[in-house]
A.B. asks: 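Okay, here's the structure, questions in a sec.
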Amino acid sequence: MGHGPADPGQWFIVGTTTSTFIVPWRTYRQGAVDPEFLGRVVGLQRAIPFAAVPVSSLLGSWLVVEFGVAALFTTIAVIQIFVWLGTHFSPLGEP
């Protein structure tokens, strides 16, 4: 893969992995949440990640300065593994 910001191979991987999570999650959410509360749930699910951007930027910068880039990516990988485990063993992981 190249190193440019718009490398098609990288975007293919991002798009494929993102869509395999987003589509089932949103489908599940529509069935699991009462229609009168769906707008509130979607609003919270958008507000919380956007509010975390400044905090995560500062935390990520601190990790890189103190421990190096490898520590940042290792931390992110561990978080993703826990997210996967939580999803896999929840109702989302049921066939």
Side-chain angles (χ1 to χ4, degrees):
M1 286 190 213
H3 298 288
D7 182 24
Q10 292 170 341
W11 284 117
F12 175 77
I13 292 170
V14 168
T16 302
T17 56
T18 301
S19 64
T20 58
F21 174 76
I22 295 296
V23 173
W25 167 249
R26 290 189 177 165
T27 303
Y28 172 78
R29 182 181 64 197
Q30 281 183 300
V33 176
D34 292 333
E36 60 268 12
F37 295 112
L38 188 58
R40 294 175 187 170
V41 170
V42 170
L44 277 173
Q45 287 182 329
R46 288 178 171 218
I48 292 169
F50 281 114
V53 169
V55 175
S56 59
S57 297
L58 292 171
L59 180 60
S61 301
W62 175 77
L63 278 171
V64 168
V65 169
E66 294 295 322
F67 304 105
V69 175
L72 174 67
F73 282 98
T74 302
T75 302
I76 292 169
V78 169
I79 291 170
Q80 288 297 318
I81 289 168
F82 280 114
V83 169
W84 180 83
L85 286 170
T87 303
H88 182 71
F89 294 108
S90 74
L92 286 173
E94 296 176 7

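Residue indices begin at 1 and follow the sequence shown.
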A.B. asks: Decide whether Val41 and Ile48 are clustered together by the hydrophobic rule: side chain heavy atoms of Ile, Leu, Val, Met, Phe, Trp, Tyr closer than 4.5 Å, transitively.
C.D. replies: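 No; Ile48 is not reachable from Val41 via cluster members.
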A.B. asks: May I ask whether Ile76 and Val64 are part of the same hydrophobic cluster, defined by side-chain heavy atoms of I, L, V, M, F, W, Y residues being less than 4.5 angstrom apart, directly or through others?
C.D. replies: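 Yes, one cluster joins them.
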A.B. asks: Kindly write out the residues that satisfy side-chain hydrogen bond (donor to acceptor under 3.5 Å, both in side chains) with Gln45, not counting sequence neighbours, or none if the list is empty.
C.D. replies: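 Partners of Gln45 by the side-chain hydrogen bond (donor to acceptor under 3.5 Å, both in side chains) criterion, ordered by chain and then number, come out as Arg29.
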A.B. asks: Taking Val69 as the starting point, is it possible to reach Leu63 by hopping between hydrophobic residues whose side chains are less than 4.5 Å apart?
C.D. replies: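 Yes, it is one cluster - the side chains of Leu63 and Val69 are joined through contacts under 4.5 Å.
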A.B. asks: OG1 of Thr74 to CZ of Phe67: how many Å apart, nearest 0.5 Å?
C.D. replies: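 Nearest 0.5 Å value for the OG1-CZ distance: 12.0 Å.
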A.B. asks: For the pair His88 and Trp84, name the ring-plane relationship: parallel under 30°, tilted 30 to 60°, perpendicular over 60°.
C.D. replies: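 His88 vs Trp84 ring planes: parallel.
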A.B. asks: Please table the atom pairs, donor to acceptor, closer than 3.5 Å between any side-chain atom in residues 51-59 and protein atoms at least two apart or in another chain.
C.D. replies:
unit_1	atom_1	unit_2	atom_2	d
Ser56	OG	Ala52	O	2.9
Ser56	OG	Val53	O	3.0
Ser57	OG	Val53	O	2.8

A.B. asks: Tell me whether Ile81 shares a hydrophobic cluster with Phe73, the cluster being built from Ile, Leu, Val, Met, Phe, Trp, Tyr side chains joined at under 4.5 Å.
C.D. replies: no
A.B. asks: Do Leu72 and Trp62 land in one hydrophobic cluster if side-chain heavy atoms of ILVMFWY residues count as linked below 4.5 Å?
C.D. replies: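 Yes: a chain of side-chain contacts under 4.5 Å links Leu72 to Trp62.
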A.B. asks: When rounded to the nearest 0.5 angstrom, what is the spacing between CD1 in Ile22 and OG1 in Thr27?
C.D. replies: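 Rounded to the nearest 0.5 Å, the CD1-OG1 separation comes to 10.5 Å.
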